[in-house]
Amino acid sequence: MSTFDSLRFFNYRLWFAGALVANVGTWMQRVAQDWLVLTQLSDDSGVAVGITTALQFAPVLALSAYAGLLADRMDRRKLLIATQVGQGLLALGLGLLVLAGNAQLWQVYLFALLLGCVSAIDGPVRQTFVAELVPGDKLSNAVGLNSASFNAARLVGPGVAGLLIAWVGTGWVFIINAVTFGATILALTWMRRSELYPMPTASRSKGQIRAGMRYVRKRTDIVVIMVVVGVVSTFGLNFQLTSALMARSEFGKGAGEYGILGSVLAIGSLTGALLAARRERPRVRLVIGAAFGFGIASGVMALMPTYTSFAIACIPVGLASLTMMTAANATIQMTTEPAMRGRVMALYMIVFLGATPVGSPIVGWIGETFGARWSIGIGSISALLVSTAAALWARKAWDVEVRYHLHRPHLQVLYPTHAADEEVGVPHAGSDEGPCAPSSDDLAEASRAAAGSGEGREATVAEAKARDAADEVTAA
């Protein structure tokens, strides 16, 4: 699969371009908001920044489930136009307040909360709408390019924000962000409706949100992904907060250097996104492996002694975190029934973004109490623990063997036995098959071969061992 396959489709090209502009503005506002709270409205308080971030993401916990139901029921394009208008107006209001010199901390808290409410509706709709822009076999590529757009914006946005803050102040950054939402609105209105790929919609009935929860409970592969991503997100994905603390407290730097850290982090993230766009079918094992890699990389970053070495260490952290997030997103979307996808993605967004209100104040308190480096260290430790626990649980519950090849470095999942056979059959998007276990082609293929026959299982094992032996001979 080509890295840019999805850009051959007119509607996706419009979406990609509009989202790129809007994402640049969003990253500019995030940096400006945190810097405003940290340096002007509080006494370098990491807790205040953590509270602001928490308020912006708290509505995800309350509203995302309903937003997912809306995404399954309604016209997603019209919903997105409404949410883009709402976010633009809020950015404009905050910018005017700051420019007037009347901004107070509680007002920034309020705007963060209101923005979080609109974003909670926007998230599940945005995640599922991409499936209407490309054919089903290009969905993984489209998800990867979406992440590339987001992280290309992260590469540009924080650095531009830092420069603008130094030149004209935070207020104008908010105003510029308000204008950028116009790009997405124009893209949505210019799309060719005849070239969309509409997904099935859910009919109105009682208990639809509970039905989504039951669906997820029966899908142990999705549960594993959500647990891993939830823990890493809670304690590890607080880059705006931790980078601000490190730049300000540990290295004594200003807004420009803080913005540069976000851009350097995005170098790794963009690389991960482009690699993800070439991956036809992400798997659960990639989510777990990327989470473990994130734990290692962030631990190294926390120990870096200088600003320059810290900035360089941001690159592998961005690569690992983006690989984990993109693999999780694409795996869930590609293996979930289309009529259920909005609700499932909403639950994923609750875990992914809803963890932030819990984690940000805690990480901020750790940074103030024990030092900025520990605000990163707690994320590293958490990622290592949850990824290791997930791998051990998967090995036991799905009864699979995990190998590491030194001559051909990669993780390989092999040999499901009776326990895994009982849970095989992960459905592809649009499948009528029921919920199932590990989302891995290797596991599904081997299980289907082994199901109902001990001889079939022995043959599968023998074939896999023969392939391993051939690999070793070739390598030698």
Side-chain angles (χ1 to χ4, degrees), residues 46 50 53-54 57 216 220-239 241-243 245-246 265 268-269 272 282-304 313-314 316-329 331-332 347-348 350-367 369-404 409-411 413 437-440:
T53 305
F57 291 101
V216 170
T220 56
D221 56 322
I222 294 180
V223 172
V224 168
I225 290 173
M226 288 187 175
V227 170
V228 171
V229 171
V231 172
V232 175
S233 176
T234 300
F235 299 106
L237 302 184
N238 295 283
F239 299 129
L241 169 59
T242 55
S243 294
L245 289 174
M246 288 294 291
L265 183 76
S269 299
R283 301 169 181 176
V284 176
R285 68 188 186 192
L286 180 60
V287 178
I288 296 174
F292 188 84
F294 172 83
I296 297 293
S298 56
V300 171
M301 182 175 69
L303 298 175
M304 291 295 100
C314 287
V317 171
L319 174 62
S321 62
L322 198 283
T323 299
M324 180 193 71
M325 290 184 287
T326 305
N329 187 314
T331 300
I332 293 176
L347 293 174
Y348 172 73
I350 289 174
V351 171
F352 178 51
L353 297 178
T356 303
V358 178
S360 290
I362 295 174
V363 171
W365 175 80
I366 290 173
T369 306
F370 301 102
R373 295 185 186 278
W374 275 107
S375 67
I376 301 172
I378 187 65
S380 171
I381 294 170
S382 300
L384 292 173
L385 290 176
V386 73
S387 57
T388 301
L392 293 175
W393 182 90
R395 180 179 181 181
K396 180 179 180 181
W398 297 335
D399 217 356
V400 296
E401 180 179 346
V402 180
R403 289 184 174 181
Y404 184 80
H410 71 284
L411 292 174
V413 183
S439 178
S440 164

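Because the structure is predicted, anything quoted here is derived from the model rather than measured.
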Exercise for review: Verify, without hydrogens or angle tests, whether Thr369 (side chain) and Ile366 (backbone) share a donor-acceptor contact under 3.5 angstrom.
Suggested key: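 A pair under 3.5 Å: no.
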Check your understanding: Is the backbone N or O of Thr323 less than 3.5 Å from a side-chain atom of Thr326, with the two atoms forming a donor-acceptor pair by type?
Key ->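 Between the backbone of Thr323 and the side chain of Thr326 there is no qualifying donor-acceptor contact (under 3.5 Å).
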Spacing of [X] atom [atom1] and [Y] atom [atom2] [to the nearest 0.5 Å]:
X	Y	atom1	atom2	answer
Met246	Ile376	CE	CD1	4.5 Å
Arg285	Asp221	CZ	CG	14.0 Å
Leu347	Ile222	CG	CD1	9.5 Å
Met324	Ile288	CE	CD1	11.5 Å
Leu322	Leu265	CG	CG	9.0 Å

Practice item. Just grab all the salt bridge (charged side-chain N to carboxylate O under 4.0 Å, His left out) pairs involving residues 289-301, residues at least two apart or on different chains. Key: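 Sorted result for residues 289-301: empty, none.
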Practice item. Sort and list the pairs that fulfil side chain to side chain donor-acceptor pair (under 3.5 Å) and have at least one residue in residues 371-385, not counting sequence neighbours. Key: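 Sorted pair list: Glu250-Arg373.
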Review point. Mind checking what makes ring-ring contact (aromatic ring centres under 6.0 Å, His included) contact with Phe235, not counting sequence neighbours?
Key: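 Listed in chain order: nothing, the list is empty.
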Review point. Who pairs with Thr388 by side chain to side chain donor-acceptor pair (under 3.5 Å), at least two apart in sequence or on another chain?
Key: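 So Thr388 forms no side chain to side chain donor-acceptor pair (under 3.5 Å) with any residue.
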For [X] versus [Y], what's the shortest heavy-atom pair and its separation?
X	Y	result
Tyr348	Met325	OH-O, 3.8 Å
Ile225	Ala328	CG2-CB, 3.5 Å
Val228	Ala390	CG2-CB, 3.6 Å

Point to revise | Candidate pair Phe370 and Ile378, rule side-chain contact (heavy atoms from CB on, under 4.5 Å), full reasoning | key: CA-CA 11 Å; Phe370 301 102; Ile378 187 65; over 6 Å; no
Practice item. List in chain and number order the residues that pass side-chain contact (heavy atoms from CB on, under 4.5 Å) with Val300, two or more places apart in sequence or in another chain; answer none if no residue qualifies. Key: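 Only Met304 meet the side-chain contact (heavy atoms from CB on, under 4.5 Å) criterion with Val300.
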Donor-acceptor pairs under 3.5 Å, side chain of residues 289-299 to any protein atom, not counting sequence neighbours: which ones?
{"unit_1": "Ser298", "atom_1": "OG", "unit_2": "Phe294", "atom_2": "O", "d": "2.8"}
{"unit_1": "Ser298", "atom_1": "OG", "unit_2": "Gly295", "atom_2": "O", "d": "3.3"}

